[in-house]
Amino acid sequence: MNPKTDTRIRRQEPEALSRSASKLLRRLYGQRHLQVMALLGVLWIVVFNYVPMYGIVIAFKDFNITAPISAAPWVGLEHFKAFLEDDSLADVVKNTIGMSVLKLLFGFPLPIVFALFLNELRSVRYKKAVQTISYLPHFLSWVILGGILATWLADVGIVNRLLLAMNLIEQPISYLAEPGYFWTIIVSSDIWKELGWSAIIYLAAISGVSPEMYEAATIDGAGRFQKMIYVTLPAIKGTITILFVLAVSGILNSNFDQILVLKNQLNESASNVVDVYVYQVGLKQSRFSYATAVGLLKSFISLALLLSANYITKRLNNTSLF
């Protein structure tokens with residue numbers, strides 16, 4: 001290469017970088033209001049999500065709340081070992097996975113089906129009314145809904161009165177006092193509360209489907225049900241896949257508020273899940289290191305489930321979260 005040409009190229013490189021940096025700064029300044037909003041969100045995440053992660057170290061220490069974390073002695077994996085050797089571990093894991101799997105089997109596909117049929121309604125007014133009524137329970141806390149369910153399922157509640165009137169039972173049943181009914185109550189009440197709200201995401205995805213695809217299906221002689229199966233479902237496959245991956249990763253995250261409101265000493269054998277166990281054993285007894293160890297172990301398992309579900313869905317339909 002000619003020395004003069006080489007020298008000219010070297011001079012142009014800093015100038016190009018300077019122009020690029022200047023252009024970037026001007027662009028950021030033009031978006032300064034949006035950038036400030038984004039930075040506030042990043043700051044919130046750093047302060048409330050990343051800074052507290054330092055406290056994870058107490059899972060490997062014998063932490064006492066009266067002393068700083070740095071003064072706590074190291075105990076290694078002692079708290080993890082104690083949890084794995086706990087006598088109630090089998091029941092806790094069984095209840096957590098059992099209810100979560102049932103929610104996944106019934107609670108995940110039902111919003112999809114509901115959104116598909118809701119999308120087929122021709123009356124806009126009726127469609128809005130159904131949608132509003134369906135997602136209204138989402139805005140009520142489990143404290144309120146728990147009280148409603150406790151009243152309905154009581155010995156003199158509306159459920160027992162209806163079943164007695166229809167001669168389906170001979171005497172009232174205390175549903176919340178029977179462990180055998182607890183899983184059914186949890187799964188059905190969770191579906192009742194979140195069905196309409198979860199369907200909103202699928203309705204938004206359905207609204208993005210091109211009308212030309214439906215017109216082509218109509219020309220080919222497809223009925224409304226066939227359009228749902230062969231047009232709508234494939235079009236929202238990506239949304240379903242991503243939400244499924246997230247649902248699988250949260251299989252150990254039982255609804256703490258829901259279970260804490262509905263559980264009692266009589267149904268404890270069926271209601272004792274990981275989150276409630278951590279609250280009762282770890283926090284109420286001030287065993288903060290133990291509670292952190294259980295939570296950290298749960299997080300690692302959830303991460304493994306997320307990566308596994310993401311890998312499997314990517315191999316099956318070439319759609320994944322990342």
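Sequential numbering from 1 along the given sequence is applied to the chain's residues.
Between Leu266 and Glu178, every side-chain heavy-atom pair lies at or beyond the 4.5 Å cut-off. No side-chain heavy atom of Ser134 sits under 4.5 Å from any side-chain heavy atom of Leu195. Using a 4.5 Å cut-off on side-chain heavy atoms (C-beta onward), Gln280 and Asn272 make contact. Taking 4.5 Å as the limit, some side-chain heavy atom of Phe182 sits within range of a side-chain heavy atom of Met99. The shortest side-chain heavy-atom distance between Lys298 and Asp275 falls under the 4.5 Å cut-off. A 4.5 Å side-chain heavy-atom check between Ile158 and Thr151 finds every atom pair outside the cut-off. At least one side-chain heavy atom of Phe117 sits under 4.5 Å from a side-chain heavy atom of Val113.
For Lys193 (side chain) and His138 (main-chain N/O), a donor-acceptor pair under 3.5 Å exists by modelled atom type.
Using modelled atom types and a 3.5 Å distance limit, the side chains of Thr184 and Tyr175 yield no donor-acceptor pair. For the residue pair Tyr202 and Asn119, no side-chain donor N or O sits within less than 3.5 Å of a side-chain acceptor on the partner.
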Distance-only donor-acceptor pairs under 3.5 Å for side chains of residues 29-45, two or more places apart:
| residue | atom | partner | partner atom | Å |
| --- | --- | --- | --- | --- |
| Gln31 | OE1 | Gln35 | NE2 | 3.2 |
| Arg32 | NH1 | Tyr29 | O | 2.9 |

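Residue pairs meeting the salt bridge (Lys or Arg N to Asp or Glu O under 4.0 Å) criterion with at least one member in residues 219-244, sequence neighbours excluded, are Glu120-Arg224.
Note: Trp197 and Phe139 meet the aromatic proximity criterion, with ring centroids under 6.0 Å apart. Taking the six-membered ring where the residue is Trp, the centroids of Tyr290 and Phe63 are separated by 6.0 Å or more.
Atom CG of residue Asn160 and atom CG of residue Leu153 lie 8.0 Å apart, to the nearest 0.5 angstrom. For the atom pair OH (Tyr126) and CD (Gln131), the distance works out to 13.0 Å, reported to the nearest 0.5 Å. One finds the CZ atom of Phe288 at 8.0 Å from the CD1 atom of Ile58 (value rounded to the nearest 0.5 Å). We find the CG-CD1 distance between Leu104 and Ile97 to be 12.0 Å, quoted to the nearest 0.5 Å.
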| Worked check of ring-ring contact (aromatic ring centres under 6.0 Å, His included) between Phe300 and Phe80 | CA-CA 12 Å; Phe300 274 115; Phe80 296 91; 8.3 Å; no
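In this structure, Tyr181 has no side-chain hydrogen bond (donor to acceptor under 3.5 Å, both in side chains) partners at least two apart in sequence or on a different chain.
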